[in-house]
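So the structure is just underneath, and the comments pick up after that.
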Amino acid sequence: MITLQHYLLVSAALFSLGILGVLTRKNAVNVLMGIELILNSANLNLVAFSRYSSKGIDGQMFAIFVIVVAAAEVAVALAIVLTMYRLLKTVNLDQADVLKR
Amino acid sequence: MNVSDMIFLVVACVVVGSAAGVVLSRSLIYSGFSLLFTFFGVAILYVLLGADFLAATQVLIYVGGILVLLLFGVMLTHRLYNLNLKTETFQLLPGMLISFAVFVSLALVATQTRWHLAENKVVAPTTNQIGTAFMTDYLLPFEIASILLLVALIGAAMLVRRRTDA
């Protein structure tokens, strides 16, 4: 029998894998992929709680707004990555250290 | 164990496995295509949770929009003759420790908490309810979200514009 806890465990695994991607990848696009994993795990939690709680569909509404914000975020983030590539000729985050020098 | 439980187990394994592929794969292109399987798997989980509209939205926006945009980002930031789309990692050990600690704490919270669950909730198609909620309770967030999308698109276009007047 699949219960709420199973979905929460899948979501926790997705979240921690996203954290791992954000922390360890050098490529900025790959870090964005990690952020998308984190947002997806949050959405999965919201929908699972919406399914198993006695409230209505508020969780699903929140998930829709999260998807909207994720679309806006990835558009702006890719614009920033492309600008960074044009200025620095790299998208590796460890080489973007102009402010440090 | 009935059919939907088996579907859940298979899809959960696909989701977690392909998410691990996104994070651990050496090649950016493989990461992107692993992300495709993760997004589709999450959409199937939404179907299993009775969120039909959200599953369709997930496929349309994540697979059709965000993933294509990310692959564009991969292609535009590497020279095409340079097929060596490798990506490196750094701080692998501390990152793994932190993410494992996060997973353990989240899993403990998920399994130890006594959630207030609804008894025998009826799962109905949600599109009608979502449309009604958008036009009543969530009208202001809906409008703000549309303005946010407009502002984000204008900002993205302005960021990547070539400045000829400078």
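What you are looking at is a predicted structure, and each value in this text was computed from that prediction instead of being measured. Naming convention: chains lettered A, B, ... in sequence-line order (proteins, then strands); numbering from 1 in each chain.
- Here the closest non-hydrogen pair linking A:Val68 and B:Ala145 is CG1-CB, 4.0 Å.
- Of all non-hydrogen atoms in A:Ala96 and A:Met84, the two that sit nearest each other are CB-CE, 3.7 Å.
- Among the candidates B:Gly50, B:Gly73, B:Ala51, the residue making the largest number of heavy-atom pairs closer than 4.5 Å to chain A is B:Ala51.
- Chain B forms the most heavy-atom pairs under 4.5 Å with one residue out of A:Val69, A:Val10, A:Val47, and that residue is A:Val47.
- Both the backbone and the side chain of B:Leu48 come within contact range of chain A, with heavy atoms under 4.5 Å apart.
- Only the side chain of A:Leu4 comes within less than 4.5 Å of a heavy atom of chain B; its backbone N, CA, C and O stay farther away.
- The part of B:Leu35 that comes within reach of chain A is its side chain, from C-beta onward, which places non-hydrogen atoms under 4.5 angstrom from that chain.
- When heavy atoms are compared at a cutoff of 4.5 Å, B:Phe100 does not approach chain A at all.
- Hydrophobic clustering (side-chain heavy atoms under 4.5 Å, transitive across Ile, Leu, Val, Met, Phe, Trp, Tyr) groups B:Leu36 together with B:Val11.
- Clustering ILVMFWY residues whenever any of their side-chain heavy atoms sit less than 4.5 angstrom apart, transitively, puts B:Leu149 in a cluster other than the one holding A:Met61.
- Heavy atoms of A:Leu20 lying under 4.5 Å from chain B belong to its backbone as well as its side chain.
- For the set A:Gly34, A:Gly21, A:Ser11, the entry with the most heavy-atom pairs within less than 4.5 Å of chain B is A:Gly21.
- With a 4.5 angstrom heavy-atom cutoff, B:Phe8 touches chain A only via side-chain atoms.
- With a 4.5 angstrom heavy-atom cutoff, A:Phe15 touches chain B only via side-chain atoms.
- A donor-acceptor pair under 3.5 Å links the side-chain atoms of B:Trp115 to the main chain of B:Ala110, judged by distance alone.
- The distance from the OH atom of A:Tyr52 to the OH atom of A:Tyr7 is 5.0 Å, given to the nearest 0.5 Å.
- Residue with the most contacts toward chain B among A:Asp94, A:Ile19, A:Leu44: A:Leu44 (heavy-atom pairs, distance under 4.5 Å).
- A:Asn45 does not touch chain B: none of its heavy atoms, backbone or side chain, sits under 4.5 Å away.
- Between A:Ile35 and A:Glu73 the shortest side-chain heavy-atom distance falls below 4.5 Å.
- For the options A:Leu82, A:Leu9, A:Ile64, heavy-atom pairs under 4.5 Å to chain B are most numerous at A:Ile64.
- Residue B:Leu150 is not grouped with residue B:Phe134 when hydrophobic side chains (ILVMFWY) are merged at heavy-atom distances under 4.5 angstrom, including chains of intermediate members.
- Here the CG atom belonging to B:Asp52 is positioned 7.5 Å from the CD1 atom belonging to B:Ile130, to the nearest 0.5 angstrom.
- In the hydrophobic cluster analysis, where Ile, Leu, Val, Met, Phe, Trp and Tyr join through side-chain heavy atoms closer than 4.5 angstrom, A:Ile38 is grouped together with B:Leu54.
- For chain B, the nearby part of A:Val91 is the side chain; its heavy atoms alone come within less than 4.5 Å.
- Here B:Leu70 is the residue among B:Val16, B:Leu70, B:Asp137, B:Thr57 with the most heavy-atom pairs under 4.5 Å with chain A.
- Here B:Ala20 is the residue among B:Gly65, B:Ala12, B:Ala101, B:Ala20 with the most heavy-atom pairs under 4.5 Å with chain A.
- Of the listed residues B:Val23, B:Val151, B:Asn2, the one with more heavy-atom pairs under 4.5 angstrom with chain A than any other is B:Val23.
- Residue B:Glu143 holds its CD atom at 8.0 Å from CG of B:Leu140, rounded to the nearest 0.5 Å.
- Contact count against chain B (heavy-atom pairs under 4.5 Å) is highest for A:Asn40 among A:Ile80, A:Asn43, A:Asn40, A:Asp58.
- Most heavy-atom pairs under 4.5 Å with chain A, from the set B:Leu69, B:Ile98, B:Val102: that is B:Leu69.
- Residue A:Leu93: no heavy atom, backbone or side chain, is found under 4.5 Å from chain B.
- Neither the backbone nor the side chain of A:Ala28 has a heavy atom closer than 4.5 Å to any heavy atom of chain B.
- Proximity to chain B is limited to the side chain of A:Leu37, based on heavy atoms less than 4.5 angstrom apart.
- Applying the ring-ring contact (aromatic ring centres under 6.0 Å, His included) definition to pairs two or more places apart or across chains, those involving residues 26-49 of chain B are B:Phe39-B:Tyr62.
- Closest heavy-atom contact between A:Ala12 and B:Leu106: CB-CB, 3.7 Å.
- Here A:Ile57 is the residue among A:Ile57, A:Thr83, A:Val22, A:Thr90 with the most heavy-atom pairs under 4.5 Å with chain B.
- Transitive grouping of hydrophobic side chains (ILVMFWY, heavy atoms separated by less than 4.5 Å) brings A:Leu14 and B:Ile61 into a common cluster.
- With chain A as the partner, the residue from B:Leu45, B:Thr38, B:Thr111 showing the most heavy-atom pairs under 4.5 Å is B:Leu45.
- B:Leu97 is linked by a side chain to side chain contact (heavy atoms under 4.5 Å, CB included) to nothing, counting only residues two or more places apart in sequence or in another chain.
- Using a 4.5 Å cut-off between heavy atoms, B:Thr113 touches chain A through its backbone atoms (N, CA, C, O) alone.
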